[in-house]
Amino acid sequence: ATATSDRVCRFCGPSVQRIMGAAAGSSLAVPMGLALDVLGNVIVGDSGNDRIVKLDRSGQTLWTTPVLATFPRGVAALGANRAYFVDNHRLGTVNSTSASTLLGGAASGAGTTQLNRPYDVVVRG
């Protein structure tokens with residue numbers, strides 16, 4: 001994902017294939033988070049549009065969820081149907097039909113249940 005050119009590309013040996021982005025007729029804005037699910041689908045934190053986008057291996061949109069996210073930065077795939085994300089103030093989970101907050105909320109802070117601009121999320125296992 002390249003945040004300055006608003007696109008996602010696939011690198012295959014010496015060649016580069018644009019799979020989603022401004023020049024390909026799609027509407028990414030500042031893509032920052034990127035993850036692959038177990039099927040090879042791409043999950044993108046579309047930060048400038050405050051949403052999470054899931055693409056198949058050819059770049060076709062599987063789902064786009066305007067979630068409760070505000071500038072999602074990091075995403076991590078959890079199996080084939082769910083992803084975690086972090087935005088300005090929360091850790092959340094999202095799938096094709098819903099999103100929920102796991103930790104944090106609408107504002108930053110230093111409390112035990114608050115987050116202040118987390119940058120990424122990783123799933124282990």
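- Grouped by direct or indirect side-chain proximity (heavy atoms under 4.5 Å, Ile/Leu/Val/Met/Phe/Trp/Tyr only), V38 sits with L39.
- Separating the CD atom in Q60 from the CG atom in L55 is a distance of 9.0 Å, to the nearest 0.5 Å.
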*Check step by step if side-chain contact (heavy atoms from CB on, under 4.5 Å) holds for T101 and L91.*
CA-CA 6 Å; T101 297; L91 166 66; over 6 Å; no

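- Judged as a side chain to side chain contact (heavy atoms under 4.5 Å, CB included), and not counting sequence neighbours, the contacts of V75 are A35, I43, I52, F85.
- For the pair S96 (side chain) and W63 (backbone), a donor-acceptor distance under 3.5 Å is absent.
- For the side-chain hydrogen bond (donor to acceptor under 3.5 Å, both in side chains) condition, the pairs that include at least one residue of residues 73-82, sequence neighbours left out, are R73-N88.
- In this structure the side chain of L78 reaches within 4.5 angstrom of the side chain of Y84, judged on heavy atoms.
- Between N41 and D56, the shortest heavy-atom distance links the atoms OD1-CA, 3.2 Å.
- No donor-acceptor distance shorter than 3.5 angstrom exists from the side chain of T64 to the backbone of V53, with no hydrogens or angles considered.
- A distance of 10.0 Å separates CZ of F71 from CZ of R117, quoted to the nearest 0.5 Å.
- Between L103 and L115, some side-chain heavy-atom pair lies under the 4.5 Å cut-off.
- Using modelled atom types, no side-chain atom of D37 and backbone atom of G79 make a donor-acceptor pair closer than 3.5 Å.
- Side chains of T97 and N95: a donor on one and an acceptor on the other come within 3.5 Å.
- What you find for M32 and P72 is that their closest heavy atoms are CB-O, 4.3 Å.
- Contact detail for D46 and N49: the closest heavy-atom pair is OD2-ND2, 2.9 Å.
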